[in-house]
Amino acid sequence: MHKLFLAAGSISGALSVMIGAFGAHKLKDYLLKVGRTDVFETAVKYQFYHTFALLFIGLLLLIKGDIKSLNYSGYCFITGVIIFSGSLYVLCLTNVSKWGAVTPIGGLFLIAGWIFALISIVKNF
């Protein structure tokens, strides 16, 4: 499973840079016009933070072997990034505020990922 999370972290990192650059250059005027610059920056920031979390989980799995709670953590981080950052990207691009209602679901997955990481560290390290 470590390869999945290392690969997902690497892909997420590349996407974070590309999406961030796209927002800073091509979408800047639009985001300023609709007042969503800070929302877009939050989406990129959280995606990047959890990119590092995915790489961390992948490395821990590489070192310690298959640990169920670490796997859960990685899956939660992937799901959380897709739902949290994804919903914020869609919110910014469409300017449809209802997408903001989806974002907390992604946040719960991100929180669960950190809790599973904590459980794993307490039990296995």
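Taking Ser10 as the reference, Leu55 meet the side chain to side chain contact (heavy atoms under 4.5 Å, CB included) condition, with sequence neighbours excluded. Legend: residues meeting ring pair (Phe, Tyr, Trp, His ring centres under 6.0 Å) with Phe56, ordered by chain and number and at least two apart, are absent. With sequence neighbours left out, the side-chain hydrogen bond (donor to acceptor under 3.5 Å, both in side chains) criterion links Tyr46 to no other residue.
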(request) Determine, step by step, whether Phe5 and Leu70 satisfy the side chain to side chain contact (heavy atoms under 4.5 Å, CB included) criterion, reporting the C-alpha distance in whole Å, the side-chain angles of both residues, the deciding distance to 0.1 Å, and the verdict. (result) CA-CA 10 Å; Phe5 299 129; Leu70 279 179; over 6 Å; no
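Of all heavy-atom pairs spanning Ala8 and Ile78, the tightest one is CB-CD1, 3.8 Å. Considering all non-hydrogen atoms of both residues, Asp66 and Leu61 come closest at CA-CD2, 4.2 Å. For the residue pair Gly58 and His2, the shortest heavy atom distance occurs at O-CB, 3.3 Å. Of all heavy-atom pairs between Ser12 and Val81, the closest is OG-CG1, 4.4 Å.
Considering CD1 of Ile11 and CG of Leu6, their distance stands at 11.0 Å, rounded to 0.5 Å. In this structure, Phe40 CZ and Thr42 OG1 are separated by 11.0 Å, a value rounded to the nearest 0.5 Å. Note that CZ of Arg36 is 8.0 Å distant from OG1 of Thr94, once rounded to the nearest 0.5 Å.
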For residues 114-125, which side-chain N or O atoms pair as donor and acceptor with protein atoms under 3.5 Å away, sequence neighbours left out?
| unit_1 | atom_1 | unit_2 | atom_2 | d |
| --- | --- | --- | --- | --- |
| Trp114 | NE1 | His50 | NE2 | 3.0 |
| Ser120 | OG | Ser69 | OG | 3.4 |
| Asn124 | ND2 | Ser120 | O | 3.0 |

Acceptor/donor pairs from residues 17-34 side chains to any protein atom, 3.5 angstrom cut, sequence neighbours excluded:
| unit_1 | atom_1 | unit_2 | atom_2 | d |
| --- | --- | --- | --- | --- |
| Tyr30 | OH | Cys92 | O | 3.4 |
| Tyr30 | OH | Leu93 | O | 3.1 |

Show every donor-acceptor pair shorter than 3.5 Å between a side-chain atom in residues 99-108 and any protein atom, with sequence neighbours excluded, or say none if there are none.
| unit_1 | atom_1 | unit_2 | atom_2 | d |
| --- | --- | --- | --- | --- |
| Thr103 | OG1 | Ser87 | OG | 2.7 |

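Hydrophobic cluster membership is shared by Ile83 and Ile57, with clusters built from Ile, Leu, Val, Met, Phe, Trp and Tyr side chains linked at under 4.5 angstrom. Hydrophobic clustering (side-chain heavy atoms under 4.5 Å, transitive across Ile, Leu, Val, Met, Phe, Trp, Tyr) groups Phe77 together with Ile82. Residues Phe48 and Leu54 do not share a hydrophobic cluster, defined by chaining ILVMFWY side chains whose heavy atoms lie under 4.5 Å apart.
In summary, the aromatic rings of Phe84 and Phe109 are positioned with their centroids too far apart to meet the 6.0 Å limit.
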